[in-house]
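To keep things clear, I will list the structure first and then write my remarks on it.
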Amino acid sequence: MITIGLPKGRNLGPARAALAAAGLNLDGLDSSRLRQRFPDQSVLGTPVEVLLLKDWDLPLYVEHGIVDCAIVGSDVLEETQPDVFRPLQLKGGRSRLSLIAETPELPKRSGQLRAATRYPTWAARLLAARNLHVEVIHLTSSIELGPLLDLTDVAVDIVQTGGTLRAHDLHEVEVLAAVAPTFVVNRASFHAHRRRLSGLLGALEETETGGE
Amino acid sequence: MKISAGLPTGVSAALFDSARRRRRLEARLSALLEERGFAEVLLPILDYFEPYRPLLTGRRLEQLYRFVDRDGQLLVLRGDFTPMLARLLAPHLDELELPLRLYYRGDVVRHQPLRPGRMREYSQLGAELLGGDEAEADEQMLTLFFDLLLEARGEAPAVVDGEEHALRVVLGVAGALDEALLAAAGEHEASDLALRIASRDRIAARRAGLAEVVERGYPTDLSVLGGTGEAVFELLALRDRLSSAYRDAAVEIEVDLAEFAAAALDPRIGVGSGPRGYYDGLMFAAYAPGTALALGVGGRYDKVFRSLSGDCSAVGFSLGLDLLLELGVAEARS
């Protein structure tokens, strides 16, 4: 049995599409159920079980070996830094982590800038690499409200289409990093299921990169 | 006044049955080591910081708990047995009768990020073989490593609920990928490429011409590894001999050069840090299904003695007793 962790939320669609293109069809997936088996689907003859979990929790389940592998946003991986293998990033569902402000340029402040983000560690690292030493405020949702309600000067958050920014008259000052759904594997599971996972990864790589 | 029973982060106490189980496991493994001619050493938990500067750099050095004592001395709590043993023995190599077989058991403390199964204080049992023919010593210590793991597993079934639960031991050689990574990446990006390959990044590996390394563990054509190809050839022969010897023991042995690639070629990473640690030859790690961490790691570390101005071949390993117990593998015989 190979247990695959899939993320609830924005990465579920691209994850399912990539697995389907690689030959693993999860058509009957019921998003209200935690654990589902797919008797008619297999990875090189091994039955497949799927666990639907929150994106932020998935790395922990992979590290513990509760799931053998999972598809997780690279934003979550950069923030949590789990000790897992990251063999492949998917092409679908990509977005970017951006510096967001009410003005097209970074606001000028005599003191330290404040930034709202749900990625305090990763954002601080990226901003420090640009010589921007800011006070990072950790928010868990509606990050754009930080600068809009004057809690912070800027926000650091995921931008997909830019629709939220336009709706709030905010500006994408700078793209800090690319974000992609990423296939991750538990260390022990990688060795235990090497041949099978390699087959699945090969098919994913073929479909995701067009065999480049 | 109400007294809290809390302990610092990353620290736990073994009480009652868990203490009994750990001591029983230690006793069984120690008996096997004594039987093989290994003598126990008892090492202190406090040491000076200074001797570890040339031995440990980067992350490992940062992980040491250090403090100034009342005499103004900078001290450390024991973070690793092997370098402590090496620094104690290096000045006396001329007086020692080699080969020397030693083992130790006890706790180490490291200030490291908490991960599943990884505490800041944890117990280890390890063995070191100093001197003797290198190839023979490597094989002897790997055999001991397997036998201790199997002893710890006891009579636990190799198949649980229809799933195979084999112990998996991964072999590698320090520096095996260095030349290939340098050729593929150029001097400034080699460390980044090494990290990507250690993380099994298939796209980066394919671009570097090392797809087979992440897919099957080593390239079919060993000549792409340059001067280290011969060492990998010998490693494959060692794997075959050991696989044959442990055919009936549910131990899977594989050569996986990517497993130990991350510390390669990074100038910031010295002799004692990163996933490769202080190993400079054969390296190995053991995994079991459902584990977050390696049950044990080991390898050849002649370089540690050289950095202590000593000339002695050395190979050793340590096993995580907490991890073995957590798996329940030690319970089968109790």
Side-chain angles (χ1 to χ4, degrees), chain A residues 1-3 22 46-47 49 57-69 74 77-91 121 178 180 182-212, chain B residues 112-118 158 160-172 195-207 211-218 250-256 258-259 261-262 275 284-295 297 323 326-327:
Chain A
M1 174 83 70
I2 288 185
T3 306
T46 302
E49 180 182 59
D57 296 336
L58 266 170
L60 205 62
Y61 284 92
V62 180
E63 272 195 286
H64 267 293
I66 307 296
V67 298
D68 297 303
C69 53
S74 62
L77 298 172
E78 290 296 339
E79 180 63 24
T80 56
Q81 294 289 320
D83 185 12
V84 296
F85 292 145
R86 306 178 191 192
L88 199 65
Q89 288 200 330
L90 306 186
K91 202 162 61 180
T121 310
T182 304
F183 196 94
V184 296
V185 187
N186 167 270
R187 280 180 177 273
S189 299
F190 182 86
H191 296 294
H193 300 296
R194 183 167 203 139
R195 194 177 57 83
R196 300 174 191 110
L197 285 175
S198 200
L200 176 62
L201 284 164
L204 274 173
E205 189 183 353
E206 189 70 25
T207 57
E208 289 297 301
T209 62
E212 73 179 51
Chain B
Q112 56 192 2
L114 295 177
R115 290 284 178 214
R118 184 195 287 162
V160 178
D161 295 335
E163 293 287 313
E164 191 189 353
H165 272 231
L167 289 168
R168 285 180 164 77
V169 177
V170 183
L171 307 181
L195 282 168
R196 286 176 186 276
I197 286 176
S199 191
R200 308 307 204 274
D201 184 326
R202 293 172 72 97
I203 307 294
R206 193 167 301 289
R207 285 181 181 147
E212 282 187 311
V213 169
V214 298
E215 285 165 26
R216 63 193 284 261
Y218 57 93
V251 176
E252 302 279 337
I253 305 165
E254 61 176 316
V255 168
D256 189 344
E259 185 76 11
F284 46 94
Y287 294 94
T291 53
L293 301 167
L295 301 175
V297 294
L323 293 170
E326 203 177 292
L327 279 171

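Model, not experiment: these values are computed from the prediction. Order of the sequence lines fixes the chain letters, A, B, ..., with proteins taken first and strands second; residue numbering starts at 1 for each chain.
- The two residues A:R194 and B:R216 have their closest heavy-atom pair at NH2-C, 3.6 Å.
- Residue contact with chain B, scored on non-hydrogen atoms closer than 4.5 Å, is absent for A:F183.
- Of all the heavy atoms in B:V169 and B:A286, the pair that sits closest is CG2-CB, 4.1 Å.
- Salt bridge present: A:E78 and A:R86 bring a charged side-chain N and a carboxylate O closer than 4.0 Å.
- Residue B:E259 comes nearest to B:R200 through the heavy atom pair OE1-NH2, 2.9 Å, listed as atom of the first residue, atom of the second, then distance.
- Proximity to chain B (any heavy atom under 4.5 Å) is restricted, for A:V84, to the backbone atoms N, CA, C and O.
- Between chain B and the residues A:T182, A:D68, A:L201, the most heavy-atom pairs under 4.5 angstrom are made by A:L201.
- Within the 4.5 angstrom heavy-atom criterion, no atom of B:R196 approaches chain A.
- With a 4.5 Å cut-off on non-hydrogen atoms, B:E215 touches chain A through its backbone and its side chain both.
- Contacts of A:T80 with chain B are made by backbone atoms alone, with heavy-atom separations under 4.5 Å and no side-chain atom involved.
- Residue A:F85 places its CZ atom among more than 12 non-hydrogen atoms of other residues, nucleotides or ligands, all under 6.0 Å distant.
- For the options B:A204, B:A211, B:G217, heavy-atom pairs under 4.5 Å to chain A are most numerous at B:G217.
- If you measure heavy-atom distances from A:S198 to chain B, the contacts under 4.5 Å come from both the backbone and the side chain.
- In this structure, A:P87 and A:V185 have side chains that are in contact, with non-hydrogen atoms separated by less than 4.5 Å.
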